[in-house]
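The shown structure was predicted, so the numbers you read here are calculated from the model rather than taken from an experiment. One-based numbering, in listed order, for ligands and for the atoms of each. These numbers come from the heavy atoms of this one structure, side chains and all, not from hydrogens, waters or symmetry mates.
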Amino acid sequence: MPEPNVATVRYGPIPVLPSILGNPSQTTAAVPLLGNLPLLPMPCSNCFLTGTTIDLVYDNGQPANLDTGVMLHHLVLFQPQVDDATCARTTPVGLLGQRFFASGNERTPGNLPAGYGVHLGTGPLAAYFDIMNHSDQLRLVYLTANVRWLPDSTPGMKAVTPLWFDENNCSTSTYPIPAGPSSRTWRWTSTMTGRFVTAGGHLHDGGVRTMLMNETTGEHICSSVAGYGTKPAYMGSIESMSVCSWDRLGTVRRGEILALETRYDSSEPQSDVMGIMIAYLYPTDDLTGGTPAPMSMTDPPTTTPPAVMHHHG
Ligand SMILES: [Cu+2]
């Protein structure tokens, strides 16, 4: 495989209003579907995305994070021209098209094994994001994406299909949890046959892990585990989600049941947490191709979340 090209795209400035009387403000936007927002810049067209890392930054390039009162609650990128595999066009979310990348304040990257890519056409792309401001100052922030890509003409590239697993799919993605350990499962009957090559999750504070299984075969595919407490800018909030990436994390056949199970262990009840995993499937009948991923990657140890919360206002 040739070395991927690197592109950095930036979107903004996005104004995030100051908090009022201690209640954080929230900027929600659907680009370009609502309002007069400019289109998202395309990192490449007629190309394969092989890796994406996102950030939320200020004009000077410094990260915008909780140590200055700002958090990226979530970001979802869509290809409006392509149908989403787990959400029909007849639903409000499926209407927006294929969800092909997502991240939150933890800035989960999406890096595919060499030779695999998410195909992009000529665009445009759409986005949905929520940004919170806990400070009493107006903040101007930018979303940036550092993208690795290869052109359509690259020999041997394998296109993957993004599959979105969500405890409250095709809706707001949010659901309530009690204090203490809790679990929720969402199931989807697969319409596809192939090998999973990459998967990563999104949780809120109090999240332990989200896990994808093939319930029909009993195969564990990926656990994406929340990390806390090592990066000061996050102020104790969720700071990482582990990612599984290998040329065979697990397999599925059309008609088999895939189950996403999400665990929280929250110090207080919450009304609007999320449990999401985006997994990239290489559609193929060659289910024995590739090599099995190591357990240390697909099922890392979990930690108990701290009692620090930066939730919605
Ligand atoms: Cu979220």
- Derivation of the side-chain hydrogen bond (donor to acceptor under 3.5 Å, both in side chains) call for Asp205 and Ser237: CA-CA 6 Å; Asp205 281 345; Ser237 260; 2.7 Å; yes
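- Under a 4.0 Å N-O distance rule, the pair Glu261/Arg209 qualifies as a salt bridge.
- Using a cut-off of 4.0 Å between Lys/Arg side-chain N and Asp/Glu carboxylate O, Arg10 and Asp59 are scored as salt-bridged.
- Counting only protein atoms, the N, O or S atoms lying less than 2.8 Å from the Cu ion (ligand 1) are His74 ND1, His202 NE2, His204 NE2, Met274 SD, ordered by chain and residue number.
- Following chains of ILVMFWY side-chain contacts shorter than 4.5 Å, one cannot reach Val208 starting from Tyr228, and the two form parts of different hydrophobic clusters.
- Screening Thr216, Thr193, Asn214 against Glu256 for a side-chain hydrogen bond (donor to acceptor under 3.5 Å, both in side chains) leaves a single residue, Asn214.
- Comment: Asp83 engages Arg89 in a salt bridge, judged by a side-chain N to carboxylate O separation of less than 4.0 angstrom.
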